[in-house]
Each structure stands twice: as C-alpha cells, then as structure tokens.
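I have placed the structure first, in the form of structure tokens, so that the comments after it can refer back to it.
No hydrogens, no waters, no symmetry mates; every other heavy atom, side chains included, goes into these values. Naming convention: chains lettered A, B, ... in sequence-line order (proteins, then strands); numbering from 1 in each chain.
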There are 2 protein chains.
Amino acid sequence: MAAPRPTRQFPDQPLPPPGPRATTVSRPGGRSSSVRRRVLDAVRTHLAEHGYDALSVDAVADRSGVHRTTVYRRWRDVGGLLADALTEAIDDTWSPTDTGTLDGDLHAVNREVYAALTAEPPVTAALIAASFRSEQAAAALRSFWADRYDRCAAIVHRAVDRREIPAGTDPRRLLVAATAPLYHELLLLRTLPDPRLAEQAAHATATAARAGAFTD
Amino acid sequence: MAAPRPTRQFPDQPLPPPGPRATTVSRPGGRSSSVRRRVLDAVRTHLAEHGYDALSVDAVADRSGVHRTTVYRRWRDVGGLLADALTEAIDDTWSPTDTGTLDGDLHAVNREVYAALTAEPPVTAALIAASFRSEQAAAALRSFWADRYDRCAAIVHRAVDRREIPAGTDPRRLLVAATAPLYHELLLLRTLPDPRLAEQAAHATATAARAGAFTD
DNA sequence: ATGCTATCGCAACACTTGTTGCGTTAAGCC
DNA sequence: GGCTTAACGCAACAAGTGTTGCGATAGCAT
C-alpha cells in the first residue's frame, strides 16, 4: 500500500534546452545568455580546482552567483551541467593528424586519448562517471564520440588508399580496437598509467588490420 | 576562514571487515553472520527487482530488516554492499574453456563478457558504475579482474605451446586487446548490442597475436 | 518611455543520505 | 545458570539534494 511517490519535477518549463541559446532571437525577460556563461565558467573552474567529487549543483550555483533554483531548472543535475560544458568545449575544427602511416596515425590518436584519460584533474573520467548516472551526460558523450570516430574514419581511408590495408575494412571496428584498450586499462582496470599503452595498442591494431582482420 | 569540516565518520569501529567473517571465532555479542546473510540477500534481490538506481543503503536496510545504522557501520555505502556481494558471488573454480584454438578460446571468454555486460538487470554495469564512486567497489572489481586475467593467461600459454603464437607474447596485453572492445562498445559507447562483437574482437586479436604484435 | 513576459531570485519545504551517543541484545565462555 | 562484550537497534540530529509557488527583474518590442 506504498504511496506511488509521484516523482516530482519542475512543471514550469518543458525541460528547457541547456544547449546554446540563440542570443538574437526574441526572448522577452530573458537573461539566459549571461546566466549560462557564468554557470558554465563556474563548472569549469570548480572542476579544475576541486575535482568531480566536489562538483554539485549547489557548489556551482554559489560560485557563479546564480541561484540554486535556476540551475536546477535549466540543467536538472550535475550531469546536465557537464554535458553542456562539454558540448561548448568541443573543438569543431579537430581532425586526426596525418603521419603517413596507419601505425603513426593510430598512435597519434591514442596519445590524445591517453592524455585526456590521465589529465589532472580528471575531467574526462569525471564526465564518463557522470554518464552512468545522468542521461544528459551520457547523450552528450555519445554524440561527442560518434563525431570523433566519424572524423577518424579518414585515417582508415588514407590507409586503404595507400594499399596498406584491404578495402572493405570497417573503420569503426578498427578504431574501437585501437582505442578501447586505453579506456579499459586506465578507466576500468586502473593500472598505473604507462605511456607505452598508446603505441602498443596502435601497433597491434594496425597489424591486425593489415592482415584483414577488420573486413567482413 | 571556512570551517575545516571535519569529515565525520563512525568512530565506533575501525571500519569493520565487510568480508566473510569467521563464524567460529570468538565474537561475544556478535550476531554478524545472520545479519550479513540477510543484508547480502537483500542486495541481490533488490538489485534484481529494481535495478541499480533504486539501490540505496536505506532500501537494503528496510528490505533486510536490519537497521540503517548497522548497514552504514559495516558497509559504509552502496559500493561497499556491492563489493561484498561480488566477492561472495565469485566462483573460485572458474577457468577458461579449452576449445583447441586461440580464436575459439578468446571467443568463449568474450561470449561470457558479452553475456555479463548485456545481462538484465545489468548488475555488472551497476558494479562498474559504483566503482567510480566507491573505493571499496573499485578495489573489489580490480581484484576480481586481476584474478580472471591471471586465469585466462592459460589461454595464451596453450596457444604458445601449440606454436600458434610466438613465445614471449604478453598474456595480459593480448587479453585486454580481446576483451576491451566489448566493454567499450557496450558500456561506454552504448551502441545497441551486437553478438558478433565477441567473435570479431576475438578474431582480430588472435590475428594480431599470430603476427607477433604482443611481444616486446 | 512604457508594457510585456520569460527568466530569475527567494523562502520554504520535503526527502535522502550520513552520523552520533547510548541503551539493548545475543553469542560465546565459564 | 550467569557474566562479558562485540554487535545491533533506536532516536535524533546534521547536511545535502531536489521541488514548489510566487513575486521581482531584465531584455525586447512598440
């Protein structure tokens, strides 16, 4: 006979878009652009200074000078804040460096992954941890990774063009094989970071690719 | 001039061992073995029925009939509960199945990993999520994985003995390369589960191993 | 300038989580 | 049987987290 517990939510707005709001469009009474900037700045600085564990909606609100209620209304939870901060921080001009060989290209990508996963403070790890609790953070991460893997497909195409690996090689499978060991070791198994990881995973994957292991 | 915030903890006991307590040793006044069984049963059933998000110390306490305070004292948090439930559920007799080929052995292991990661309810995913917030859960997972990778080294040794792959192949690197793509796709990238993942990752890794990609 | 209104600030609340001191209970030992 | 003592139950508290209604305000339009 337990009460249904109505899972309360803010009824005011239909979950307002936390994404970049058009600044020139008609929004009478809106102060949102200024608020958003202050909040997102607070997220970044607080994350850098005190880490993920200390990141709460209240802490961000206090630091930004924006009221708790406003942050809860627009971002819902910490995951929403991180998601918005991520999408804003994305570099739209990013592309994988061209070293001339598949080994080299994969190694270059893996060095970036390695750097991101061992960065201090661990913002990437924080975002991934948050993605297990917040659908917003999970969605933001998925779209970020989808974009990066799409761009990295160029690496595979270049290798095919050089006749280094067979045509019909699946870019995604190859790229996941190359990068996944880094995430696994550094994030899940939590072994002490070894910079050779990046090169070893890149080399093993390139070897498998040359043998045609990523074609159907 | 902010107050140091003394990070309060229970002073009663020096963090009691949540592990299996010797039942025959002198523990005057202790009712611990019965309590532990009731609590761990509650963790399992509650996890199975309501999932990880609904798993809280209070929920487990209510269900088990054991008082909140007792659970907090002995297990500290949800991560501690999951860690204890995991170590109790571990099958000490597990060993990798011998199929006769490296491809087959890796495929068999990967099928188990795949099954664990796609199980409903997602207890493995729950444990991994918890490991980002609880040091106890993280430690339990690390030791579990360390044990499994040690046992799986037999796969690599068998392949070396069969002259399938070169001697000097690093078992751990090989095994991580084989399994990591599953964790990455199913847990992080969260693509819709594809059973072929297990076979593809196994085959690609075996190919790389035959080419000597996992030797120094 | 004046009005409109979405957004924000504010106070107050409810629920969850974690902690403490202290009295009570049950397991083991004589 | 009674004694000892770690483990437990209990009430009460403290802090963090999430929610609500309502009044105030800033940005835009006219």
Side-chain angles (χ1 to χ4, degrees), chain A residues 2-18 21-39 42 50 53-62 64-81 130 133-134 136, chain B residues 2-18 21-39 42 50 53-62 64-81 130 133-134 136:
Chain A
R5 190 152 104 71
T7 312
R8 297 184 294 167
Q9 284 176 203
F10 286 126
D12 306 57
Q13 295 112 318
L15 209 253
R21 193 162 300 199
T23 51
T24 52
V25 100
S26 166
R27 50 165 171 67
R31 278 150 289 184
S32 36
S33 56
S34 137
V35 164
R36 179 162 181 264
R37 173 150 306 160
R38 277 191 288 162
V39 168
H50 305 287
D53 290 334
L55 193 72
S56 67
V57 174
D58 279 30
V60 170
D62 284 350
S64 66
V66 173
H67 199 83
R68 288 165 24 87
T69 314
T70 301
V71 181
Y72 273 114
R73 274 200 261 252
R74 286 193 57 186
W75 286 273
R76 173 148 263 130
D77 53 24
V78 184
L81 287 169
R133 291 203 290 163
S134 159
Q136 287 182 77
Chain B
R5 189 152 103 71
T7 312
R8 297 185 295 166
Q9 283 174 203
F10 287 124
D12 305 58
Q13 295 112 317
L15 209 254
R21 192 163 302 198
T23 50
T24 52
V25 100
S26 166
R27 49 167 172 64
R31 278 149 291 184
S32 35
S33 57
S34 137
V35 165
R36 179 162 181 261
R37 174 152 307 160
R38 277 191 287 161
V39 168
H50 305 288
D53 290 334
L55 192 73
S56 67
V57 174
D58 279 30
V60 170
D62 285 350
S64 65
V66 173
H67 199 82
R68 290 165 21 86
T69 314
T70 300
V71 181
Y72 274 113
R73 274 200 262 252
R74 287 193 57 185
W75 286 273
R76 169 149 267 127
D77 54 23
V78 185
L81 288 169
R133 292 202 289 163
S134 159
Q136 287 182 78

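- We find the OG1-CZ distance between B:Thr69 and B:Arg74 to be 14.0 Å, quoted to the nearest 0.5 Å.
- Atom-to-atom, CZ of A:Arg76 to P of D:dT19 comes out at 7 Å; the value is rounded to the nearest Å.
- Nucleic acid contact for B:Asp58: base, since at least one base atom lies under 4.0 Å from a heavy atom of the residue.
- Rounded to an integer number of Å, the gap from CZ of A:Arg74 to P of C:dA6 is 15 Å.
- Separating the CG atom of B:Leu81 from the C1' atom of C:dG18 is a distance of 14 Å, rounded to the nearest angstrom.
- Closest to the B:Thr69 side chain, of the nucleotides D:dC8, C:dG21, C:dC8, is C:dG21.
- How far OG of B:Ser56 is from CG of B:Asp62: 8.0 Å, rounded to the nearest 0.5 Å.
- Looking at which nucleotide of DNA chain D each of A:Leu55 and B:Arg38 is closest to, the 5′-most match is held by B:Arg38.
- Residues satisfying the side-chain contact (heavy atoms from CB on, under 4.5 Å) criterion with A:Arg37, sequence neighbours excluded, are A:Asp41.
- When the P atom of C:dG9 is taken as reference, atom OH of A:Tyr72 falls 15 Å away, rounded to whole Å.
- As judged by a 4.0 angstrom heavy-atom cut-off over every strand, A:Ser34 is placed among residues making no nucleic acid contact.
- Nearest-nucleotide mapping onto DNA chain C: of B:Val57 and A:Val35, the residue sitting toward the 5' end is A:Val35.
- Among the nucleotides C:dC8, D:dA7, C:dT17, the one closest to any side-chain atom of B:Arg68 is C:dT17.
- Between B:Arg36 and D:dA7 there is no side-chain N or O to OP1 or OP2 distance below 4.0 Å.
- Taking atom NE2 of A:His67 as the reference point, atom P of C:dT7 lies 17 Å away to the nearest angstrom.
- What separates CG of B:Asp62 from P of C:dT16 is a distance of 10 Å, to the nearest Å.
- Using a 4.0 Å cut-off, some side-chain N or O of B:Thr70 falls inside it from OP1 or OP2 of D:dG9.
- For B:Ser56, counting side-chain heavy atoms from C-beta on, the closest listed nucleotide (C:dT17, D:dT17, C:dT19) is C:dT17.
- At a cut-off of 3.5 angstrom, counting only N and O atoms as typed in the model, there is a donor on one side and an acceptor on the other between the side-chain of B:Arg73 and the base of D:dG9.
- Rounded to whole angstrom, the span from the CG atom of B:Asp53 across to the P atom of C:dT17 amounts to 12 Å.
- Applying the side-chain hydrogen bond (donor to acceptor under 3.5 Å, both in side chains) criterion to B:Asp58, with sequence neighbours excluded, gives B:Arg68.
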From CA spacing to verdict: side chain to side chain contact (heavy atoms under 4.5 Å, CB included), A:Val78, A:Arg133: CA-CA 9 Å; A:Val78 184; A:Arg133 291 203 290 163; over 6 Å; no

